[in-house]
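Throughout, numbering of the chain's residues begins at 1 and tracks the sequence.
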Amino acid sequence: MSPVIDLKTELPGPQSRALAARRAAAVTKGVALSSGIAVLHADNAVITDVDGNRMIDFAGGIGVMNAGHRHPGLVDAVRKQLDHLTHACFAVSSYESYIAVAEQLNRLTPGSHEKRSILVNSGAEAIENAVKIARYATGRPAVVAFEHAFHGRTNLTMAMTSKPMPYKKGFGPFAPEVYRAPYPYCYRCPSSGGSGCCQSAPGYWDRIFTGLVDPSQVAAIVMELEAGEGGFIAAPAEAVAAIAAFAKKHGILFVVDEIQTGFGRTGKMFACNHYDLVPDLIVTAKSLAGGLPLAAVTGRAEIMDSVHAGGLGGTYGGNPLACAAALAIVAAMEKENIPERGALVGQKLRIRFNQMAARYSSIGDVRGLGAMLALELVKDRTTKEPDKDKATRVQAEALKRGLLLLTTGTYGNVIRALVPLTVEDAILAEGLDALDAAFAAAG
Ligand SMILES: Cc1ncc(COP(=O)(O)O)c(C=O)c1O
């Protein structure tokens with residue numbers, strides 16, 4: 001197969017720069033632009049910009065493209081839906097596709113108990129709804145989130161998000177009754193060197209909560225099993241088991257945020273499947289509808305149904321076009337074994353990342369579940385001082401070579417892979433060659 005990357009101009013090219021100028025004059029600069037590229041077209045893991053440059057996409061619109069850009073099933077389903085209905089408002093009239101998406105989510109998510117779902121527009125809105133439902137069902141006010149968490153940009157989800165810059169700075173005051181617990185970040189754990197996860201030590205969670213909040217006042221513990229914007233930090237199984245046991249003991253609902261980890265990214269349908277975890281509520285979005293805005297809360301029927309009629313909803317939630325897309329994506333996930341493909345992509349990424357770590361001493365840690373894999377960059381492997389500048393340089397060098405790449409992490413020093421899981425082997429290899437060359441060029 002001949003190379004896919006085809007650069008006809010410098011990057012960003014003249015048309016992208018012209019659009020960037022129009023953007024600056026028309027759109028608030030509060031919305032950042034990491035690549036400077038303006039995209040015109042995308043297929044699976046390849047995007048073409050407005051200057052005709054063809055690039056490989058390791059960003060996937062921040063984890064939305066697990067089934068690839070414009071999956072043929074999705075394109076077909078959305079086209080067909082356009083001939084029938086684009087909006088009704090599910091609080092006004094029912095339509096089958098919303099119900100079918102809820103049925104699929106109830107079936108696919110962990111646990112064989114009776115479930116219910118609600119569909120909304122964005123990940124943040126889904127987290128807001130999960131907290132509303134947990135508070136209503138338990139009659140308790142408090143919520144525990146974690147260090148390194150990212151749950152969104154609305155007022156409540158900002159409060160639950162950990163990283164101040166750029167997500168929180170200047171935007172307070174934040175919603176009350178949000179408490180923050182330590183996240184098991186083993187690479188930077190002060191107790192590392194011992195055996196097992198320190199968060200699973202007997203009494204650890206009782207000690208944490210003693211100084212944090214009365215457990216009898218806590219409605220929900222909300223957790224990403226692999227913290228995404230926090231730096232692709234997968235929690236050890238013992239820590240997750242200890243947190244789940246603590247929640248159960250105190251009647252606290254365990255809410256898992258699978259917005260970035262879900263739909264095959266970690267090599268299983270959900271990250272929960274790695275932990276044999278059945279959460280009380282699970283929150284999904286991003287790759288659920290392959291780029292159309294859709295998010296969901298799915299959970300135990302008695303919790304989800306505890307809320308009075310009219311207490312939940314919204315004008316656009318579960319839009320018919322987004323539901324048609326989600327049904328096509330769910331069908332593709334199962335028919336094309338996309339989670340299994342995620343596991344294979346993850347193996348390939350891990351081999352190449354480990355080879356790079358053997359050559360580039362700035363790579364301090366290679367980590368993650370399945371294809372949700374990352375490289376944490378440090379100035380020195382002993383001190384582990386984060387190297388954000390290097391991560392930014394690698395990202396810029398990758399772009400020069402036609403690879404769209406994202407950084408992440410509380411310290412901005414992590415390179416992450418969010419490549420479509422349907423990527424062709426040769427294109428994945430070509431993207432990894434470009435990443436390797438970007439490391440070499442970044443010094
Ligand atoms: C784990 C997690 N939770 C919540 C969100 C917020 O989702 P949205 O941007 O759709 O509001 C994100 C987005 O990146 C996320 O990764």
Does the ring of Tyr187 carry Lys384 above it, NZ/CZ under 6.0 angstrom from centre and within 45° of its axis? yes
With a cut-off of under 6.0 Å to the ring centre and 45° to the axis, is Lys248 in cation-pi contact with Phe254?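 No, Lys248 and Phe254 do not form such a contact.
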Heavy atoms of Leu108 and Glu334 approach each other most closely as CD2-OE2, 3.3 Å
State whether [X] and [Y] are salt-bridged, where the test is any N-O pair (Lys NZ or Arg NE/NH1/NH2 against Asp/Glu carboxylate O) under 4.0 Å.
X: Glu229; Y: Lys163; answer: no
X: Arg401; Y: Asp433; answer: no
X: Arg116; Y: Glu103; answer: no

Sequence neighbours excluded, which residues qualify as side chain to side chain donor-acceptor pair (under 3.5 Å) partners of Thr408? none
Any donor-acceptor pair under 3.5 Å linking the side-chain atoms of [Y] with those of [X]?
X: Ser162; Y: Glu147; result: no
X: Thr410; Y: His148; result: yes
X: Gln347; Y: Arg350; result: no

Against Arg70, only a single residue in Asp57, Asp76, Asp43 fulfils salt bridge (Lys or Arg N to Asp or Glu O under 4.0 Å); can you say which?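 With Arg70 as partner, Asp57, Asp76, Asp43 yield a single salt bridge (Lys or Arg N to Asp or Glu O under 4.0 Å), made by Asp43.
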Are the aromatic ring centres of Tyr204 and Phe246 under 6.0 angstrom apart? no
